[in-house]
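Here the structure is laid out as structure tokens; the discussion comes afterwards.
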Amino acid sequence: MKATAMAGQETSLGTDYVLKILGMDICSDIMVGDDMRRGISGGQKKRVTTGEMLVGPAKALFMDEISTGLDSSTTFQIVKFMKQMVHIMDVTMIISLLQPAPETYDLFDDIILLSEGKIVYQGPRENVLEFFESVGFKCPERKGVADFLQEVTSKKDQQQYWCRKDEPYRHISVPEFVEHFNSFHIGQKIDDELRVPYDNSKTHPAALVKERYGISNWELFKACFAREWLLMKRNSFVYIFKTTQITIMSVIAFTVFFRTKMKAGQIDNGVKFYGALFFSLINVMFNGMAELALTIFRLPVFFKQRDFMFYPAWAFALPIWVLRIPLSLLESGIWIILTYYTIGFAPGASRFFRQFLAFFGIHQMALSLFRFIAAVGRTQVVANTLGTFTLLVVFVLGGFVVAKDDIKSWMIWGYYISPMSYGQNAIVINEFLDKRWSIPMPFNQSISVGKVLLQSRGMYTEEFWYWICVAALLGFSLLFNLLFIVALTYLNPLGDSKSVILDEGDENKNKKQSSSDGQHNLKSIEMSSPSAASIFE
């Protein structure tokens, strides 16, 4: 127990041990893979799912067909490890296996044999052959017990195991097996145990689970934060590419809108400054769209782990939000540093940092918006469709493509709920209310050139509106992150249901066919225990 708390090669000795037993240590640092990345093999993917459950704090594990796609040696090693785990950690496991090898079968303590939806036998592995011998069937010496159990309830294969030479063979049906098991000493023992009412006063207080998750909220956050940081380092190419992209676009921007061609204080050049600011806004906004694909890529794993109570949605979403803040500062800073003075915006230091703050708010809002769209869409096609539609609506109602005064009264509400309108207002107010745009108009000395430019697009003309717009952008970021958490909490992954509904005619047909040919339905060979303390004794 002391060794399991030591720091291992990966996370802990327990994790390293699971990796080694499952044969995953050779690919522990390889991505699982998807449609675009080869990743690990199919058998390794199956073992990843098994290991993911084994390293957790679960005390009851139900495993269905974990040997599919694995060779018998690997299956034996996995089951052997799980037997040791049951011994050491007081875990209860129920495992169904398809045609297990004899050495794998011998690792089980208890057997549950199901046939035609009924329990034929449930009890210690050592007594299962004794039970069938009491009915009249004996397993040959060189026959695997698992294969014998699969065939002994079948009408076609049953006769070869008849051992009562002094009696003629007759078919023993599943209901007869069930009836005989109830009178067998193992079945009577189980029945006697179930007849005794359980005394709740004997329950240990620590045995009652009172928390939804195995660790505290702070530990959940730290674990998810560490994982998110690891994923960012693994996906570093994406963030390096995004940084390179915004750097190249900023170079293009300051070569197109060059300051020597744009003189401040003139209406004609003011339109060019409008274009430069809008182009900057578009680039910072679109730079956040990569968050949509990154989130979609991670949702299948999240939904699986959420349903297994690994962690809540907020523990998944908060680290993403927090770790994207330095990224927003970096990308907004690169854009401002390369374009602000080369394009020729207001030269004051306060104006520089205020535009930087505005672009930071826009970038944070864009990241949060696309994360929320990804959580609602849940698939690449739906999320891309929603994202494109949202961008078109936001741009049209942002106050630049269509001026605020030109928007119909029945549609003006879209302008006020569009995050783009607040971002556009913030950056143009910061620029056109600078003193170099305060030159009076020739036809009206009471109004400056800057305010005329603002009024031409329906923008606000008071300085305090800048801070209101920045606060609105940060508020949108908070709102979209909260909606992202809500969507992750309550929405389920899209996809077809796994259940199969048979028509009544098909069901009756299958029943008739089953009764006519006597084909049995072996459900599983499992290990289990009536005691939660240990299933191997």
With side chain to side chain donor-acceptor pair (under 3.5 Å) as the criterion, how do Gln44 and Ser41 come out once you've worked through the C-alpha distance, each side chain's angles and the decisive distance to 0.1 Å? CA-CA 5 Å; Gln44 289 171 334; Ser41 67; 3.3 Å; yes

Apply side chain to side chain contact (heavy atoms under 4.5 Å, CB included) to the pair Tyr466 and Leu357, showing each step before the final yes or no. CA-CA 11 Å; Tyr466 166 83; Leu357 178 60; 3.8 Å; yes

Side-chain donor/acceptor of [X] to backbone N/O of [Y], under 3.5 Å:
{"X": "Ser418", "Y": "Gly414", "value": "no"}
{"X": "Ser421", "Y": "Tyr415", "value": "yes"}
{"X": "Ser332", "Y": "Phe356", "value": "no"}

Between [Y] and [X], is there a side-chain heavy-atom distance shorter than 4.5 Å?
{"X": "Ile373", "Y": "Thr295", "answer": "no"}
{"X": "Asn217", "Y": "Trp314", "answer": "yes"}
{"X": "Tyr213", "Y": "Met309", "answer": "yes"}
{"X": "Gln245", "Y": "Asn283", "answer": "no"}
{"X": "Pro347", "Y": "Asp434", "answer": "yes"}
{"X": "Glu291", "Y": "Leu369", "answer": "no"}
{"X": "Met82", "Y": "Ile95", "answer": "yes"}
{"X": "Glu331", "Y": "Ile334", "answer": "no"}

Donor + acceptor pair across side chains of [X], [Y] (<3.5 Å):
{"X": "Ser448", "Y": "Trp437", "answer": "no"}
{"X": "Lys233", "Y": "Tyr239", "answer": "no"}
{"X": "Arg298", "Y": "Asn235", "answer": "no"}

Apply the test side chain to side chain contact (heavy atoms under 4.5 Å, CB included) to residues Leu397 and Val393: give CA-CA distance (whole Å), side-chain angles for both, the deciding distance (0.1 Å), then the verdict. CA-CA 6 Å; Leu397 300 175; Val393 173; 3.8 Å; yes

From Phe353, Phe352, Phe359, residue fulfilling side-chain contact (heavy atoms from CB on, under 4.5 Å) relative to Gln355: Phe359

Please round to the nearest 0.5 Å and tell me the distance separating atom [atom1] of [X] and atom [atom2] of [Y].
{"X": "Arg354", "Y": "Asn430", "atom1": "CZ", "atom2": "CG", "result": "5.0 Å"}
{"X": "Ile325", "Y": "Ser477", "atom1": "CD1", "atom2": "OG", "result": "7.5 Å"}
{"X": "Leu338", "Y": "Ile252", "atom1": "CG", "atom2": "CD1", "result": "12.0 Å"}
{"X": "Met420", "Y": "Ile282", "atom1": "CE", "atom2": "CD1", "result": "6.5 Å"}
{"X": "Arg378", "Y": "Leu491", "atom1": "CZ", "atom2": "CG", "result": "4.5 Å"}
{"X": "Met285", "Y": "Phe278", "atom1": "CE", "atom2": "CZ", "result": "10.0 Å"}

Taking all non-hydrogen atoms of both residues into account, name the closest pair between [X] and [Y] and its distance.
{"X": "Gly458", "Y": "Asp405", "result": "CA-OD2, 4.1 Å"}
{"X": "Gly270", "Y": "Leu453", "result": "CA-CD1, 3.6 Å"}
{"X": "Gln424", "Y": "Leu281", "result": "OE1-CD2, 3.2 Å"}
{"X": "Ala313", "Y": "Ile485", "result": "CB-O, 3.7 Å"}
{"X": "Ala375", "Y": "Leu299", "result": "CA-CD1, 4.2 Å"}
{"X": "Asn287", "Y": "Lys242", "result": "O-CE, 3.2 Å"}

Taking everything shown except [X] itself, do over 12 heavy atoms lie less than 6.0 Å from its [atom1]?
{"X": "Lys20", "atom1": "NZ", "result": "no"}
{"X": "Tyr341", "atom1": "OH", "result": "yes"}
{"X": "Phe464", "atom1": "CZ", "result": "yes"}

Would you say the ring centroid of Tyr274 lies under 6.0 angstrom from that of Phe432? yes

Determine whether the aromatic ring centres of Phe225 and Phe316 lie less than 6.0 Å apart. no

Between Leu318 and Trp321, does a side chain to side chain contact (heavy atoms under 4.5 Å, CB included) hold up when you go through it step by step? CA-CA 5 Å; Leu318 282 184; Trp321 184 9; 3.9 Å; yes

Could you walk me through whether Ser250 and Thr339 pass side chain to side chain donor-acceptor pair (under 3.5 Å), step by step? CA-CA 6 Å; Ser250 62; Thr339 63; over 6 Å; no

Would Asp71 and Thr74 count as a side chain to side chain donor-acceptor pair (under 3.5 Å) if you check the C-alpha gap in whole Å, the side-chain angles of each, and the deciding distance to 0.1 Å? CA-CA 6 Å; Asp71 58 85; Thr74 303; 2.9 Å; yes

Identify whether the distance between the nearest side-chain nitrogen and carboxylate oxygen of Arg436 and Glu431 falls below 4.0 Å. yes

Salt bridge present between Glu463 and Arg351 (N-O < 4.0 angstrom): yes

Decide side chain to side chain donor-acceptor pair (under 3.5 Å) for Arg457 and Asn425; before the verdict, give the C-alpha distance in whole Å, the side-chain angles of both, and the deciding distance to 0.1 Å. CA-CA 10 Å; Arg457 309 302 301 175; Asn425 269 284; over 6 Å; no

Name the orientation class of the two ring planes belonging to Phe221 and Trp218 (parallel below 30°, tilted from 30 to 60°, perpendicular beyond 60°). parallel

Check the pair Arg324, Glu228 against salt bridge (charged side-chain N to carboxylate O under 4.0 Å, His left out), reporting the backbone distance first and the verdict last. CA-CA 10 Å; Arg324 295 303 185 272; Glu228 184 62 29; 3.3 Å; yes

In sequence, state the C-alpha distance, the side-chain angles, and the governing distance for Phe345 and Leu277, and then conclude on side chain to side chain contact (heavy atoms under 4.5 Å, CB included). CA-CA 9 Å; Phe345 292 124; Leu277 290 169; 3.5 Å; yes

Using a 6.0 Å distance limit plus a 45 degree cone around the ring axis, check whether Arg371 lies over the aromatic ring of Phe480. no

